[in-house]
Each structure stands twice: as C-alpha cells, then as structure tokens.
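Below: the structure, in structure tokens.
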There are 2 protein chains.
Amino acid sequence: MNDDVQLDAIDRSILNELQRDGRLPNQDLAQRVHLSPSACLRRVKRLEESGVIDRYVALLNPKAVGKQGTSYTIINLERMTTAALAAFEEAVLASPDILDCFYVAGSNDYLIRFAYKDAEDLERFHTYVLMQLPEVARSNSMLVLRTIKRSTAFEL
Amino acid sequence: MNDDVQLDAIDRSILNELQRDGRLPNQDLAQRVHLSPSACLRRVKRLEESGVIDRYVALLNPKAVGKQGTSYTIINLERMTTAALAAFEEAVLASPDILDCFYVAGSNDYLIRFAYKDAEDLERFHTYVLMQLPEVARSNSMLVLRTIKRSTAFEL
DNA sequence: GGTGAAAAGTTAGCTTT
DNA sequence: AAAGCTAACTTTTCACC
C-alpha cells in the first residue's frame with residue numbers, strides 16, 4: 001500500500017470510470033481511455049496491486065433491503081481514559097447496524113452513522129447508545145430527512 | 001425500483017457476497033451460495049433489474065489519490081426560505097470536494113462530508129462555506145482523527 | 001503500448017425437478 | 001416456478017512483438 005503512486009491523466013480517467021462503474025468491462029474501459037485492452041488491463045492491475053483501488057463493492061438500494069433511513073449521532077464520552085475508549089469502540093464494532101464510526105476533533109468525540117429499519121429500530125438504537133454503550137455522557141442525533149448529494153467517488 | 005422485492009436466504013447470501021466483493025465472478029459466487037452458475041446469474045440479474053442492487057463501484061484509497069483526510073461540518077442557514085435552500089444546495093452540488101450533503105432534523109440543518117488534500121485545502125473549504133455559500137449562519141466542523149469503522153454494506 | 005490466441009467467465013436455450 | 005445442463009459467445013489474460 002504505497003501512498004505515493006504517480007498517476008497520469010490516463011490513470012485518472014480509468015479511476016473516474018471505475019468509481020462510477022466498478023464492473024465496466026475492460027474492453028469498454030480501454031476504449032473510453034483510448035488504450036488497447038491489454039495496456040488498459042495492465043494499468044488497472046497496477047492500480048489494484050499498489051492499493052490505489054482498494055476494492056470493488058455492490059451498493060444496494062437501502063429501501064429495497066428494508067432500511068427506511070439513516071441517522072448521524074454525535075456522542076460525548078464521560079471519561080476519556082484508554083479503557084473507556086477501548087470498551088466503547090468494541091461495543092460499536094459489535095453492533096452491525098452502526099455503519100460508520102469516527103473519532104473526531106472538536107468539542108465532540110464520536111460521530112456514528114446508523115441505518116434503521118423503522119421508528120422502533122431507531123428508538124432501540126438510541127436506548128442502546130445511551131444505556132448500553134459504556135461511558136456515554138451526551139448524544140445528539142441528526143436524522144437524515146433529505147439527501148442533497150451522496151458520493152463514494154473522489155474528484156481526480 | 002420496486003421497494004418491496006421479497007428476498008429469500010439465498011438472495012441475502014448473494015447480496016452479502018457482492019457487498020463485500022462487487023467483482024466476484026459469477027461462478028465463484030454460485031459456488032458460495034450453493035447454486036449452479038446459471039441459476040445464480042438469474043438471481044443476480046433479477047436483483048439488479050429490480051433495483052435492489054443499485055450499482056457497482058470501485059472504492060479508492062483516499063491517501064493514494066492525495067486526500068489527507070475527511071471532515072464533517074454542520075451548517076445552520078440564516079433564513080430557511082425556499083430560495084435560500086435552493087441557492088445553498090446548488091452551491092453544494094457545484095463543489096466537487098463536497099462528497100455528501102444531507103438535510104437533517106434537529107436544531108441543525110445541513111451535514112456535509114468533505115475530503116481535503118492538505119491543511120490549506122481544508123482552510124479554503126472553511127472560507128468557502130462561511131463566505132461563499134449563501135445564508136450560512138453558523139458552522140461547526142469535525143475533523144476525522146481516526147476511523148473506528150467504515151462500511152458501505154448493510155447487514156442482511 | 002499493441003497483437004493475437006488460449007483460458008476463463010458469461011449467457012441463453014432446453015431439460016428436469 | 002425455479003434449478004441444472006450444455007454449448008455458443010464474450011471477456012480476460014498473457015506471451016510475444
């Protein structure tokens with residue numbers, strides 16, 4: 001995982017295409033970036049092996065798999081001891097509906113993204129956060145009401 | 001985009017595998033879910049066509065494409081008029097480094113995810129948010145210091 | 001970086017359960 | 001109605017230019 005791979009204009013074109021469509025056939029990709037299939041594949045393999053391309057995933061429609069919505073919650077811990085952080089993070093990793101968790105700078109401490117099936121599920125999460133997670137002092141939940149923009153792709 | 005497709009245990013296995021590896025060859029996938037390749041492919045196509053699978057993407061290593069980090073910013077708008085919201089959202093859509101933007105419930109209004117190249121880039125973003133975006137009253141930035149968990153996959 | 005042929009994977013028609 | 005078999009077709013891969 002070298003973080004300093006040099007990318008030229010063609011590499012960036014390849015990455016832009018694959019960020020949009022991870023299953024674009026190599027032959028189509030080659031055509032779009034004006035290379036022969038073999039030259040194109042060599043570049044893609046190099047991008048995969050150097051870790052520029054981390055992985056390929058299928059993105060699901062949340063509603064179609066029974067997820068009504070998403071919420072973001074900011075959580076303050078009571079005590080910031082090493083043991084308290086470790087216990088909190090272990091609990092977060094064990095909860096499958098917590099999609100993301102970041103330790104953030106600022107007055108607040110953790111930011112969690114959570115996908116819920118219904119109102120009951122959301123309430124269960126709140127109870128869990130406030131009661132079951134160790135050392136939680138305050139939490140501030142933000143329900144996503146509307147998505148203006150959502151992207152997995154970086155601008156290159 | 002039917003939101004009420006019935007998924008059986010095999011469909012859920014398929015989705016779990018493809019959420020982890022969007023480029024898993026159909027033959028390998030078939031083996032993992034104990035189906036013949038043709039039966040497996042029929043199910044994958046059905047999941048794609050019914051919109052359960054939204055799309056396939058390549059995920060890049062942020063560092064490898066020159067992104068040092070991510071920040072989340074909560075933004076309050078001065079006036080919540082239709083025109084103010086539209087102007088703000090238009091500006092957000094026009095900024096390529098704003099990855100996500102959600103309108104959220106609670107005392108705050110918008111939550112933005114931003115990927116930055118370096119400290120300068122981050123400062124440029126803050127100046128942009130506070131000075132250039134229309135009607136911004138207050139903003140509260142949270143720099144991601146550490147990622148405990150990050151997932152694009154739903155628990156099925 | 002390109003060419004072309006072998007290997008691998010995809011897909012569709014038909015049969016079976 | 002859904003799964004398996006088979007064979008044609010497409011795509012990937014790789015030695016060589």
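Order of the sequence lines sets the chain letters (A, B, ...), proteins ahead of strands, with each chain counted from 1.
Between B:Asp11 and B:Arg43, at least one side-chain N (NZ, or NE/NH1/NH2) sits under 4.0 Å from a carboxylate O, which counts as a salt bridge.
Within a 6.0 Å sphere centred on NZ of B:Lys63, other residues, nucleotides and ligands contribute 12 heavy atoms or fewer.
As a member of the Ile/Leu/Val/Met/Phe/Trp/Tyr network built from side-chain separations under 4.5 Å, B:Leu59 groups with A:Val57, A:Leu59, B:Val57.
Regarding B:Asn26, its CG atom lies at a distance of 16 Å from the C1' atom of D:dT12, rounded to whole Å. Distance, A:Gln27 CD to D:dT10 P: 10 Å, rounded to whole Å.
Using a 4.5 Å cut-off on side-chain heavy atoms (C-beta onward), A:Leu143 and B:Phe102 make no contact. You'll find the side chain of B:Leu41 stays beyond 4.5 Å of the side chain of B:Leu29, heavy atoms only. Between B:Tyr72 and A:Ile74 the shortest side-chain heavy-atom distance does not fall below 4.5 Å.
In the region residues 28-47 of chain B, proximity to DNA chain C at under 4.0 angstrom, judged on heavy atoms, holds for B:Ser38, B:Leu41, B:Lys45.
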Any chance you could lay out the ring-ring contact (aromatic ring centres under 6.0 Å, His included) test for A:Phe88 and A:Tyr110, step after step, and finish with the verdict? CA-CA 10 Å; A:Phe88 176 82; A:Tyr110 286 97; 4.4 Å; yes
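Think of the region where chain B sits on DNA chain C: with heavy atoms and a 4.0 Å cut, that region ends 5' and 3' at C:dG9 to C:dA12.
The only option from A:Arg23, A:Arg12, A:Arg32 that meets the salt bridge (Lys or Arg N to Asp or Glu O under 4.0 Å) definition with A:Glu17 turns out to be A:Arg32.
When each of B:Ile10 and B:Arg23 is assigned the nucleotide of DNA chain D with its nearest heavy atom, B:Ile10 is the one assigned upstream, toward the 5' end.
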